[in-house]
J.: 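Quick one: the structure is below, and I'll ask about it shortly.
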Amino acid sequence: MATFIICASILTAGSLFAQTPTPTMPPMKPELEARLRKLETELRCLVCQNQTLADSPAGLAGDLRREIRLLAESGKDNEEIKLHLKARYGDFVLYKPSVESKTWLLWFGPFVLLAGGAIITWRVTRRKIVAPVAGTEISTDERQRASKLLDE
């Protein structure tokens, strides 16, 4: 039993030393921290689906947050940081992609589909209102008989 406990302790201690240390960074100024928090809410985590960089617990998100901090501390503004990340990771990294010719479908596609559906619905309902229903037309004899019955 003592051998088992010693082996388990050695294995556990070995796994603790096997972890890579995370780099520690000095504390930020409050205004820089607030700026980066806002910027991180506008960026998408590359690992997690539909999660902002600020909300993601993924390791890659932590790496991106450190990279963003270094870029901000080097004097880049938010737009420059976004352009840097967009050039490196593509449009996917932006939570709200810019309106460009290649993103027109993304921005205007739902409105085009909605307008097309409204036009089709309007045409179908209008056609039903205007067109007489088959079998409801009456002949002149039937019309004369109906007027005689109404006169009586």
Side-chain angles (χ1 to χ4, degrees), residues 8 11-12 15-16 18-152:
L11 289 174
T12 305
S15 67
L16 291 176
Q19 294 180 351
T20 57
T22 56
T24 57
M25 299 187 82
M28 286 188 275
K29 294 177 183 174
E31 58 270 3
L32 178 64
E33 185 175 350
R35 178 184 149 206
L36 293 183
R37 285 282 172 214
K38 183 177 182 318
L39 181 62
E40 289 169 1
T41 59
E42 298 170 3
L43 298 171
R44 184 186 311 267
C45 176
L46 299 174
V47 177
C48 309
Q49 293 293 320
N50 292 328
Q51 234 179 353
T52 64
L53 201 57
D55 297 335
S56 175
L60 182 62
D63 293 342
L64 279 177
R65 284 192 289 265
R66 275 189 289 281
E67 183 179 345
I68 290 170
R69 180 179 174 181
L70 291 174
L71 290 170
E73 288 175 344
S74 71
K76 295 191 182 228
D77 64 0
N78 289 359
E79 290 304 315
E80 290 173 334
I81 293 171
K82 284 181 188 178
L83 286 175
H84 174 79
L85 293 175
K86 182 180 170 185
R88 191 166 184 184
Y89 302 108
D91 284 334
F92 183 76
V93 76
L94 300 176
Y95 227 85
K96 187 179 174 184
S98 58
V99 179
E100 299 172 3
S101 62
K102 64 181 179 182
T103 59
W104 284 353
L105 185 63
L106 174 71
W107 283 103
F108 305 116
F111 297 111
V112 170
L113 285 175
L114 184 65
I119 289 170
I120 290 171
T121 303
W122 177 73
R123 291 190 70 175
V124 167
T125 55
R126 186 167 181 251
R127 189 175 296 160
K128 282 185 179 179
I129 291 171
V130 173
V133 178
T136 59
E137 297 173 12
I138 58 174
S139 64
T140 52
D141 292 339
E142 291 172 334
R143 189 168 294 176
Q144 287 174 354
R145 256 188 4 199
S147 64
K148 281 183 185 175
L149 288 173
L150 289 174
D151 290 340
E152 290 178 356

J.: Report the distance from atom CG of Leu46 to atom CG of Leu53, rounding to the nearest 0.5 Å.
T.: 7.5 Å
J.: Taking the side chain as every heavy atom from C-beta outward, state whether Leu94 and Tyr89 have any atom pair closer than 4.5 Å.
T.: no
J.: Is the side chain of Thr103 donor-acceptor paired with the backbone N or O of Ser98 at a distance under 3.5 Å, no angle test?
T.: yes
J.: Which atoms form the tightest heavy-atom contact between Pro57 and Gln51, and what is the distance?
T.: CD-OE1, 4.0 Å
J.: Is the closest side-chain heavy-atom distance between Asp91 and Lys102 below 4.5 Å?
T.: yes
J.: Backbone N or O of Glu100 within a donor-acceptor pair of the Trp107 side chain at under 3.5 Å?
T.: no
J.: List the steps and the verdict of side-chain contact (heavy atoms from CB on, under 4.5 Å) for Glu67 and Leu85.
T.: CA-CA 10 Å; Glu67 183 179 345; Leu85 293 175; 4.2 Å; yes
J.: Between atom CG of Leu43 and atom NZ of Lys38, what is the distance when rounded to the nearest 0.5 Å?
T.: 10.5 Å
J.: Please tell me if the side chains of Arg123 and Ile120 come closer than 4.5 Å, counting only heavy atoms from C-beta onward.
T.: no
J.: Does some side-chain heavy atom of Lys82 sit less than 4.5 Å from a side-chain heavy atom of Glu79?
T.: yes
J.: Working to the nearest 0.5 angstrom, can you tell me the gap between Ile81 CD1 and Ser74 OG?
T.: 7.0 Å
J.: Salt-bridged, Arg37 to Glu40, with N to O below 4.0 Å?
T.: yes
J.: Can you tell me how far CG of Leu36 sits from CD of Glu31, rounded to the nearest 0.5 angstrom?
T.: 10.5 Å
J.: I need the minimum non-hydrogen distance between Glu80 and Lys76, along with the two atoms involved.
T.: OE1-CA, 3.2 Å
J.: Within the distance-only criterion (no hydrogens, no angle test), does the side chain of Tyr95 pair as donor or acceptor with the backbone N or O of Asn50 below 3.5 angstrom?
T.: yes
J.: If I take atom OG from residue Ser139 and atom CZ from residue Arg145, how far apart are they, to the nearest 0.5 angstrom?
T.: 8.0 Å
J.: To the nearest 0.5 Å, how far apart are CZ in Arg35 and CG in Asp77?
T.: 7.0 Å
J.: Carefully, step by step, assess Glu152 and Lys148 under the rule salt bridge (charged side-chain N to carboxylate O under 4.0 Å, His left out).
T.: CA-CA 6 Å; Glu152 290 178 356; Lys148 281 183 185 175; over 6 Å; no
J.: Is Leu105 atom CG crowded by more than 12 heavy atoms from other residues, nucleotides or ligands, each under 6.0 Å away?
T.: no
J.: Are more than 12 heavy atoms, taken from residues, nucleotides or ligands other than Phe92, located less than 6.0 Å from that residue's CZ atom?
T.: yes
